[in-house]
2 protein chains.
Amino acid sequence: MRFSDWHVLVDNGFGVTAEFARVRRDILEGIDAIRWPPGAHDFALRPADLRARPQQRNGVKPIKEAFVSLLADRGWRLEHDLFDAHLTLPGGVPFAVEWETGNISSSHRAMNRLGLGMHEGRIGGGILVVPTRALYAHLTDRIGNFAELERYLPLWERWDGEPGFGYLAVVTVEQDRLDPTAPYIPRGTDGLALP
Amino acid sequence: MRFSDWHVLVDNGFGVTAEFARVRRDILEGIDAIRWPPGAHDFALRPADLRARPQQRNGVKPIKEAFVSLLADRGWRLEHDLFDAHLTLPGGVPFAVEWETGNISSSHRAMNRLGLGMHEGRIGGGILVVPTRALYAHLTDRIGNFAELERYLPLWERWDGEPGFGYLAVVTVEQDRLDPTAPYIPRGTDGLALP
DNA sequence: TATGGATCCATA
DNA sequence: TATGGATCCATA
């Protein structure tokens, strides 16, 4: 999958550290590891067909697996009840990453969760990964997406400079290309996994 | 329906004004106007049956109708693309109310929407109405509820004292009583519901 | 029981 | 097309 943009909302200086360089590299490599169809060398998505009845769209559940998997390989801890993944940095401060392909409203909760984590001193910073609008158009309806989150960014940028709020960014991802011959990513509980 | 609690998160002094007294009265009367079954003198809810397959629960869509209707009668404006209802106060500042029976994550978005409205100066304050956990237990699964929102309140209380942030509260509501002989509130066909 | 999510609906 | 919502799912 293709990394699109990195929107920094809060940065107390962490963004220029070596620790950050490592976080950034892990996340970019995690995004790059996402492939479709299984075994492909990139992420080629079958376009949604909104005229079909019922509409044909790609499901989202399997998408993040390769991402989370790579982070785990890189030493990140996966604890579903906290954040998708977090890494304890040399200074002893956990840094969290949330991959958000739930409903757009769930992205609001994820941002608030990162904010609360910083407010309570449980994490020093975090990143939310969401689809661009161009990717969103082909996935399950109403999935989190940057375009819709964008007008709320000023609310979260207010945290910049507050004690405990070390770093916060929204990272966007997109398909490498559309391919009408690719299979749709299965939806629902049929349990398909990316390799 | 029964008013349960009024949790004030932000108050720049609005809470002691005559305008606030009017807002409060309208909201309390709006809550009181919610009845079940239709035509009843109170809100008597059939208990959810979580052992049945599929689970039997009450839908939420019709619940807020009487509330919103009463506010409209009291001069509040209903504009679905902004807030459920808002009232322009003598000072010229709109005050917003959101009735939240969407998913709990949608309650996070609603709080952020109120915050953004104050940040941008479009409203002077707002109120979010959500079910208590006791009401939540009998409604569509994962509906917004106070218990689950509670740990995030410190995040929104941080807005207190900030310019533009006049007033913010979370108001909770609950059934008057459970009644096994009452009909279930009908559900829609959203999400994964079978048609 | 508790929490994060995934999916489809309604309407402007 | 855009936004808020409503409904079940998976799993600890």
Side-chain angles (χ1 to χ4, degrees), chain A residues 48 50 53-64 68 78-84 98-114 116 128 131 133-134 136-137 139-145 147-152 185-192, chain B residues 48 50 52-64 68 78-84 98-114 116 128 130-131 133-134 136-137 139-145 147-152 184-195:
Chain A
L50 305 184
R53 261 161 274 184
Q55 292 186 350
Q56 304 279 315
R57 291 173 179 272
N58 293 278
V60 299
K61 193 159 186 186
I63 296 179
K64 73 169 155 186
V68 169
L78 316 181
E79 295 180 34
H80 192 65
D81 55 329
L82 294 171
F83 301 101
D84 281 339
E98 299 264 24
W99 179 281
E100 252 290 332
T101 45
N103 187 285
I104 174 67
S105 64
S106 189
S107 309
H108 281 263
R109 177 176 55 194
M111 289 296 281
N112 289 344
R113 192 185 310 129
L114 290 171
L116 187 65
L128 183 77
R133 197 76 174 193
Y136 161 85
L139 304 179
T140 295
D141 192 24
R142 307 304 294 116
I143 283 302
N145 64 92
E148 204 165 339
L149 226 43
E150 192 167 14
R151 39 195 264 249
Y152 289 91
I185 301 172
R187 294 176 310 232
T189 66
D190 297 311
L192 237 270
Chain B
L50 306 185
R53 260 160 274 189
Q55 293 186 350
Q56 303 280 313
R57 291 174 178 272
N58 293 278
V60 299
K61 194 158 184 184
I63 297 179
K64 73 169 156 187
V68 169
L78 316 181
E79 296 179 34
H80 192 65
D81 55 329
L82 294 172
F83 300 101
D84 281 339
E98 300 263 23
W99 179 280
E100 253 291 331
T101 46
N103 186 285
I104 174 69
S105 65
S106 189
S107 309
H108 281 262
R109 177 175 56 194
M111 289 296 280
N112 289 344
R113 192 185 309 130
L114 291 170
L116 187 65
L128 183 76
V130 292
R133 197 77 176 193
Y136 161 86
L139 305 179
T140 294
D141 192 23
R142 306 305 293 116
I143 284 302
N145 63 92
E148 204 164 340
L149 225 44
E150 193 167 16
R151 39 195 264 247
Y152 289 91
Y184 281 118
I185 301 172
R187 293 173 310 228
T189 54
D190 304 66
L192 300 176
L194 295 174

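Chain naming here is simple, since letters A, B, ... match the order of the sequence lines and numbering starts at 1 in each.
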For [X], report the nucleic acid contact type (base, sugar-phosphate, nothing); a contact means any heavy atom under 4.0 Å.
X      : result
A:N58  : nothing
B:E100 : sugar-phosphate
A:D84  : sugar-phosphate
A:Y136 : base

Between [options], which nucleotide has the shortest distance from any of its atoms to the side chain of [X]?
X      : options              : answer
A:R109 : C:dA6, C:dG5, D:dT3  : C:dG5
B:R113 : D:dG4, D:dA10, C:dC9 : D:dG4
B:R187 : C:dC9, C:dG5, D:dC8  : D:dC8
A:L50  : C:dG5, D:dT1, C:dT1  : D:dT1
B:I143 : D:dA10, D:dT7, C:dG5 : D:dT7

For [X] and [N], what is the distance between atoms [atom1] and [atom2] respectively, to the nearest whole Å?
X      : N      : atom1 : atom2 : result
A:N145 : C:dA6  : CG    : P     : 15 Å
B:L128 : D:dG4  : CG    : P     : 14 Å
B:F83  : C:dA12 : CZ    : C1'   : 17 Å
B:Q55  : D:dA10 : CD    : C1'   : 13 Å
B:H108 : C:dT3  : NE2   : C1'   : 10 Å
B:N103 : C:dG5  : CG    : P     : 11 Å
B:K61  : C:dC8  : NZ    : C1'   : 12 Å
A:D141 : C:dG5  : CG    : C1'   : 15 Å

Backbone N or O of A:Y136 within a donor-acceptor pair of the A:N145 side chain at under 3.5 Å?
->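 No, because the side chain of A:N145 does not come within donor-acceptor range (under 3.5 Å) of the backbone of A:Y136.
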Output yes when a side-chain donor or acceptor of B:N58 lies under 3.5 Å from a complementary backbone atom of B:I185, and no otherwise.
->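 Checking the backbone N and O of B:I185 against the side chain of B:N58, a donor-acceptor pair under 3.5 Å is found.
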[Y] and [X], any side-chain heavy atoms less than 4.5 Å apart:
X      : Y      : answer
A:R57  : A:L50  : yes
A:M111 : A:E98  : no
B:N103 : A:N103 : no

Shortest non-hydrogen separation from A:S105 to B:S105 and the atoms involved =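 Heavy atoms only, the tightest pair is OG-OG, 2.7 Å.
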Closest nucleotide of DNA chain C for B:R133 versus for A:T140: which of these residues is on the 5' side?
->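 The residue closer to the strand's 5' end, by nearest nucleotide, is B:R133.
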Any donor-acceptor pair under 3.5 Å between the side chain of B:R142 and the base of C:dG4?
->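 Yes, a donor-acceptor pair under 3.5 Å.
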Just to confirm, is there a sub-4.0 Å distance from OP1 or OP2 of D:dG4 to any side-chain nitrogen or oxygen of B:S106?
->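 Answer is no, no contact under 4.0 Å.
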Is the phosphate of D:dG5, meaning OP1 or OP2, less than 4.0 Å from a side-chain N or O of B:T101?
->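 Answer is no, no contact under 4.0 Å.
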